[in-house]
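Below: one structure, written as structure tokens.
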Amino acid sequence: MDAHCVWEAGAQLGEGPVWSPSRNALFAVDIHGSRLLRYTPADGRGRAWPLEEAACWLVERADGAGFVAGLRSRRLVGLTLDGNRLSVGPEMLRLEDGAPGNRLNDAMADAAGRLWVGSMDDAEQEASGALYRLGPDGSVARVDEGYTVSNGPALAPDGRTLYHTDSPSRTIYAFALTADGALSDKRIHIRFGEEDGYPDGMTCDAEGHLWVAHWSGGRVSRFRPDGTLDRVVRLPVSNVTSCAFGGPGLDRLFITTAAQDVPAGEPLAGGLFACTPGVAGLPAGRFGAP
């Protein structure tokens with residue numbers, strides 16, 4: 001299966017795609033371009049807003065007041081769109097005051113309204129990143145560490161398995177997750193070979209399969225719950241960064257890519273791609289009390 005480009009967004013580092021049912025739109029960020037991105041399938045149009053500081057991810061808020069965004073400076077802020085006017089709210093929380101060389105780099109919300117947030121070394125050299133659990137009540141817990149470039153996370157449909165990635169080590173980990181948010185039984189779930197590139201962003205579908213973007217691999221792969229390869233979606237660009245299901249039936253897979261560090265001859269690098277894989281995704285979680 002191949003994906004096609006639906007918007008030549010020109011993202012330096014497109015990341016963090018999330019489908020907003022209330023807006024009937026796919027949102028993402030261009031981290032190195034410091035932009036918020038929106039694509040509306042109904043009219044096939046894309047729009048970008050400049051940001052004073054790069055956002056690394058977006059998650060919708062349960063109270064309907066827009067998004068919570070993780071900024072490069074490890075701050076969490078609110079983002080709201082009033083029509084086409086973007087507003088950035090005050091700081092809600094700051095992580096890792098003692099790690100100025102780190103930045104945030106991927107997040108998701110679970111059914112309980114908790115945020116799972118990864119950090120990384122901005123220079124991509126040291127294993128100074130970690131995984132955090134942020135509760136709707138404002139609680140913060142550092143639940144794992146030792147990541148150079150954290151990616152994911154993703155949650156199985158039953159909410160009992162959480163996946164998280166350290167991209168430079170080409171390793172996707174799986175954890176057992178309890179209803180109260182406790183992680184245990186960390187284990188290697190999938191390890192990429194050199195020919196596969198690096199595992200980047202990922203999402204689960206309604207059948208419990210894991211879809212993983214291949215940085216420097218030109219594809220998205222679907223893996224069975226046991227970690228074996230099921231199918232591949234190919235793209236005409238090398239640096240594939242993340243994926244998310246969207247559309248009214250959550251039956252389209254949207255895929256972000258990056259224009260940075262690509263070989264010559266990839267004019268669509270940095271574009272937003274899509275395909276219809278024949279399986280539905282899961283509704284994106286929202287931050288805040290359900």
Side-chain angles (χ1 to χ4, degrees), residues 13 15-16 29 31 53-59 68-77 91-156 159-192 197-204 210 212-213 215 223 227 241-242 285 287:
L13 183 57
E15 270 285 7
V29 294
I31 298 177
E53 181 182 343
C56 305
W57 50 261
L58 300 168
V59 171
V68 57
L71 303 185
R72 192 166 195 162
S73 60
R74 307 173 310 285
R75 296 184 299 131
L76 274 64
V77 299
E91 179 180 313
M92 301 166 59
L93 178 71
R94 185 190 295 264
L95 294 172
E96 297 187 338
D97 276 339
N102 278 9
R103 71 166 173 86
L104 302 182
N105 191 54
D106 231 342
M108 68 157 198
D110 62 21
R114 295 176 294 236
L115 272 178
W116 298 86
V117 179
S119 65
M120 60 171 277
D121 175 21
D122 204 12
E124 302 183 18
Q125 298 296 319
E126 304 295 330
S128 57
L131 176 63
Y132 294 87
R133 183 187 67 238
L134 280 56
D137 60 356
S139 60
V140 179
R142 184 180 174 110
V143 294
D144 198 29
E145 56 188 19
Y147 294 88
T148 303
V149 178
S150 63
N151 263 304
L155 194 62
R160 298 171 62 183
T161 303
L162 182 140
Y163 303 102
H164 196 228
T165 291
D166 182 49
S167 294
S169 66
R170 306 180 197 265
T171 303
I172 300 172
Y173 297 100
F175 300 80
L177 175 63
T178 61
D180 63 358
L183 293 183
S184 63
D185 188 27
K186 181 181 180 180
R187 58 202 182 274
I188 294 173
H189 182 59
I190 300 166
R191 179 161 279 161
F192 277 26
Y198 301 88
D200 206 312
M202 54 191 175
T203 190
C204 279
L210 185 66
V212 184
W215 177 272
F223 294 93
T241 57
S242 194
F287 178 56

If I compare all heavy atoms of [X] with all of [Y], which pair ends up nearest, and what's the gap?
X: I172; Y: T165; result: CG1-OG1, 3.2 Å
X: G113; Y: P136; result: O-CG, 3.4 Å
X: S139; Y: D137; result: OG-OD1, 2.7 Å
X: V117; Y: A107; result: CG2-CB, 3.9 Å
X: M92; Y: V77; result: SD-C, 3.6 Å
X: L210; Y: C204; result: CD1-SG, 3.7 Å

Inset, instruction - Inspect the surroundings of CD in E126 and state if more than 12 heavy atoms from other residues, nucleotides or ligands are less than 6.0 Å away. - result: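 Counting other residues, nucleotides and ligands, CD of E126 stays at 12 neighbours or fewer.
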Inset, instruction - Count the heavy atoms of every other residue, nucleotide or ligand shown that sit under 6.0 Å from CZ of F175, and state whether that count exceeds 12. - result: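 Above 12, so yes.
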Check whether any side-chain N or O of [X] sits under 3.5 Å from a backbone N or O of [Y] as a donor-acceptor pair, and report yes or no.
X: R133; Y: V143; value: no
X: S119; Y: A130; value: yes
X: S167; Y: P199; value: yes
X: R103; Y: M120; value: no
X: R75; Y: S73; value: no
X: E96; Y: N102; value: no
X: N105; Y: G118; value: no

Legend entry - Residues R142, L95; criterion side-chain contact (heavy atoms from CB on, under 4.5 Å); working and verdict: CA-CA 10 Å; R142 184 180 174 110; L95 294 172; over 6 Å; no
Inset, instruction - For F192, check ring pair (Phe, Tyr, Trp, His ring centres under 6.0 Å) against everything at least two apart and list the hits. - result: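 F192 satisfies ring pair (Phe, Tyr, Trp, His ring centres under 6.0 Å) with H214 only.
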Inset, instruction - Could you list the residues that satisfy ring pair (Phe, Tyr, Trp, His ring centres under 6.0 Å) with Y147, not counting sequence neighbours? - result: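 H164.
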Inset, instruction - Before giving the answer on side chain to side chain donor-acceptor pair (under 3.5 Å), spell out for S128 and D121 the whole-Å C-alpha distance, their side-chain angles and the decisive distance to 0.1 Å. - result: CA-CA 6 Å; S128 57; D121 175 21; 4.6 Å; no
About how many Å separate [atom2] of [Y] and [atom1] of [X], when rounded to the nearest 0.5 Å?
X: Y173; Y: R191; atom1: OH; atom2: CZ; value: 6.5 Å
X: N151; Y: D200; atom1: CG; atom2: CG; value: 4.0 Å
X: E15; Y: L58; atom1: CD; atom2: CG; value: 11.0 Å
X: Y163; Y: M202; atom1: OH; atom2: CE; value: 9.0 Å
X: I188; Y: R170; atom1: CD1; atom2: CZ; value: 14.0 Å

Inset, instruction - Would you check, one step at a time, whether the test side-chain contact (heavy atoms from CB on, under 4.5 Å) holds for L177 with W116? - result: CA-CA 12 Å; L177 175 63; W116 298 86; 3.7 Å; yes
Inset, instruction - Quick one: do T203 and M108 satisfy side-chain contact (heavy atoms from CB on, under 4.5 Å)? Show the steps, please. - result: CA-CA 10 Å; T203 190; M108 68 157 198; over 6 Å; no
Inset, instruction - Please examine the side chains of V29 and W57, heavy atoms only from C-beta on, and report whether any two atoms are closer than 4.5 Å. - result: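 No, their side chains stay 4.5 Å or more apart.
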Legend entry - Intermediate values then yes/no, side-chain contact (heavy atoms from CB on, under 4.5 Å), L162 and D110: CA-CA 10 Å; L162 182 140; D110 62 21; over 6 Å; no
